[in-house]
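Basis for what follows: all heavy atoms, side chains included, without hydrogens, waters or symmetry-related copies.
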Amino acid sequence: MMNDTKNPNAADIALRLAAWWETAARDLPWRFGRASDWGVLVSEVMSQQTQMSRVVPYWTAWMERWPDARALAGAPKAEVITAWGRLGYPRRALRLQECARTVAEQYDNQLPHTYDELLALPGVGDYTASAVMSFAFGERIAVIDTNIRRVISRVFRGEESFGGAASPVERETARRLLPEGERGAVVWNQSVMELGATVCTAKAPLCDRCPIAGQCVFLRNGRPGLGERRTRPRQRFQGTDRQVRGLVLNALRELPAGSVLEREQAERLWKDRIQLDACIASLDDDGLVEMLPDGSLRLPQ
DNA sequence: CTCCGGAGGA
DNA sequence: TCCTCCGGAG
């Protein structure tokens with residue numbers, strides 16, 4: 001077809017999303033240049049597997065208490081674990097502190113500015129390294145998370161994205177769609193991700209509120225397979241080790257600082273003694289708790 | 001109850 | 001490549 005005006009045009013979509021970003025972006029405290037590079041990294045680590053809205057109060061308190069990598073590096077582990085609160089996946093808290101130590105010691109308290117150096121930091125994977133490069137340093141780099149994968153797949157391919165790791169084709173597509181200029185690329189990453197988080201959601205996309213509904217192949221095709229395919233296998237929580245670990249750690253966090261959880265108290269948290277012990281052992285392995293000779297538990301020092 | 005989401009280790 | 005790691009919103 002010679003003049004297919006319906007074919008999605010990346011430049012046109014980028015313009016529309018940039019305009020939408022100006023009016024619709026959530027006012028998160030680490031956005032719009034208000035946070036340090038380190039603050040941006042902390043926000044990204046906290047946002048791994050956790051909704052931004054839940055992160056905000058934790059991030060604010062965290063950055064007030066430990067404004068930079070050096071400050072976090074010197075904090076007692078127990079305080080770090082406690083401050084992580086109910087964000088979930090508390091190993092992230094320890095990795096973030098390890099990251100802070102690396103930054104403080106090896107990089108003189110300044111985040112490194114290359115993707116490879118960022119990627120090598122504890123708790124920093126492809127997504128976080130790319131996000132810091134883009135959002136903290138303003139570099140032109142394709143950021144790929146599940147929101148961006150979903151939006152790009154729907155808008156340009158008219159399909160739901162597959163689960164699993166991003167394929168080389170997906171990565172190449174993401175790079176190709178990136179606007180030429182640095183500033184444009186940053187806004188592209190932020191706006192596509194924001195669209196995926198708030199409008200182009202996985203299960204019930206709000207197409208009537210979408211600024212690029214007129215350019216979307218997925219919508220034009222009648223949203224084929226909407227909600228049929230999961231981006232990842234379903235994860236149960238009730239009865240799992242994750243729930244038990246959460247109960248134990250939460251009990252420790254709620255204790256007065258420095259005090260221990262007696263064995264009897266721990267046993268009251270979960271009926272299945274075998275599973276409880278396995279979870280305590282795994283928390284110990286992770287460095288999230290310490291077991292004393294009498295069987296009581298405490299947060300690590 | 002179901003949904004959502006990166007890193008790292010096996 | 002698969003699996004485990006959480007908690008709160010809907």
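- Residue order along DNA chain C, read from the 5' end via each residue's closest nucleotide, puts A165(A) first among A165(A) and R253(A).
- If you check every strand for non-hydrogen atoms under 4.0 Å, Q51(A) touches a base.
- Stacking of Y89(A) onto the six-membered ring of dC5(C) is not present when judged by under 5.5 angstrom between centres and under 30° between planes.
- Annotation: salt bridge (charged side-chain N to carboxylate O under 4.0 Å, His left out) contacts involving residues 119-139 of chain A, sequence neighbours excluded, comprise D126(A)-R171(A).
- Partners of R26(A) under the salt bridge (Lys or Arg N to Asp or Glu O under 4.0 Å) rule, at least two apart in sequence or in another chain, are E194(A).
- Atoms CG (D241(A)) and P (dC6(C)) sit 10 Å apart, rounded to a whole Å.
- Rounded to whole Å, atom C1' of dG6(B) lies 14 Å from atom CZ of R54(A).
- For R86(A), there are no salt bridge (Lys or Arg N to Asp or Glu O under 4.0 Å) partners, not counting sequence neighbours.
- R183(A) is linked by a salt bridge (Lys or Arg N to Asp or Glu O under 4.0 Å) to nothing, counting only residues two or more places apart in sequence or in another chain.
- The two residues I144(A) and A166(A) come nearest to each other via the heavy atoms CG2-CB, 4.1 Å.
- Every side-chain hydrogen bond (donor to acceptor under 3.5 Å, both in side chains) that E254(A) has, sequence neighbours left out, goes to N250(A).
- Listed by chain and residue number, V151(A), R154(A), L195(A) satisfy the side-chain contact (heavy atoms from CB on, under 4.5 Å) test with C200(A) (two or more places apart in sequence, or in another chain).
- Of the residues in residues 90-103 of chain A, those lying under 4.0 Å from DNA chain C by heavy-atom distance are P90(A), R91(A).
- Between D145(A) and R149(A), none of the side-chain N atoms (NZ, or NE/NH1/NH2) sits under 4.0 Å from a carboxylate O, so this pair counts as no salt bridge.
- Considering only residues two or more places apart in sequence or on other chains, D27(A) meets the side-chain contact (heavy atoms from CB on, under 4.5 Å) condition with F32(A), R34(A).
- Among the atoms of the strands shown, none is found under 4.0 Å from any heavy atom of D286(A).
- L247(A) places its CG atom 15 Å from the C1' atom of dG8(C), with the value rounded to the nearest Å.
- Within residues 75-88 of chain A, no residue has any heavy atom under 4.0 Å from DNA chain B.
- Protein atom CZ of R149(A) is 14 Å distant from nucleotide atom P of dC4(B), rounded to whole Å.
- Not counting sequence neighbours, the partners of W59(A) by the ring-ring contact (aromatic ring centres under 6.0 Å, His included) test are W30(A).
- Atom CZ in R242(A) sits roughly 8 Å away from atom P in dC6(C) (whole-Å rounding).
- OP1 or OP2 of dG6(B) has at least one side-chain nitrogen or oxygen of T146(A) nearer than 4.0 Å.
- Taking a cutoff of 4.0 Å between a charged side-chain nitrogen and a carboxylate oxygen, R101(A) and E98(A) qualify as a salt bridge.
- With sequence neighbours excluded, the residues that form a side-chain contact (heavy atoms from CB on, under 4.5 Å) with A18(A) are V187(A).
- Taking a 4.0 Å limit (strictly below) on heavy-atom distances, residues 122-129 of chain A reaches DNA chain B at P122(A), G123(A), V124(A), G125(A), D126(A), Y127(A), T128(A).
- In this structure, CZ of F237(A) is placed 18 Å from P of dG10(C), rounded to the nearest angstrom.
- A straight line from CG of N147(A) to C1' of dG6(B) spans 12 Å, rounded to a whole angstrom.
- Rounded to whole angstrom, the span from the CZ atom of R245(A) across to the P atom of dC3(C) amounts to 18 Å.
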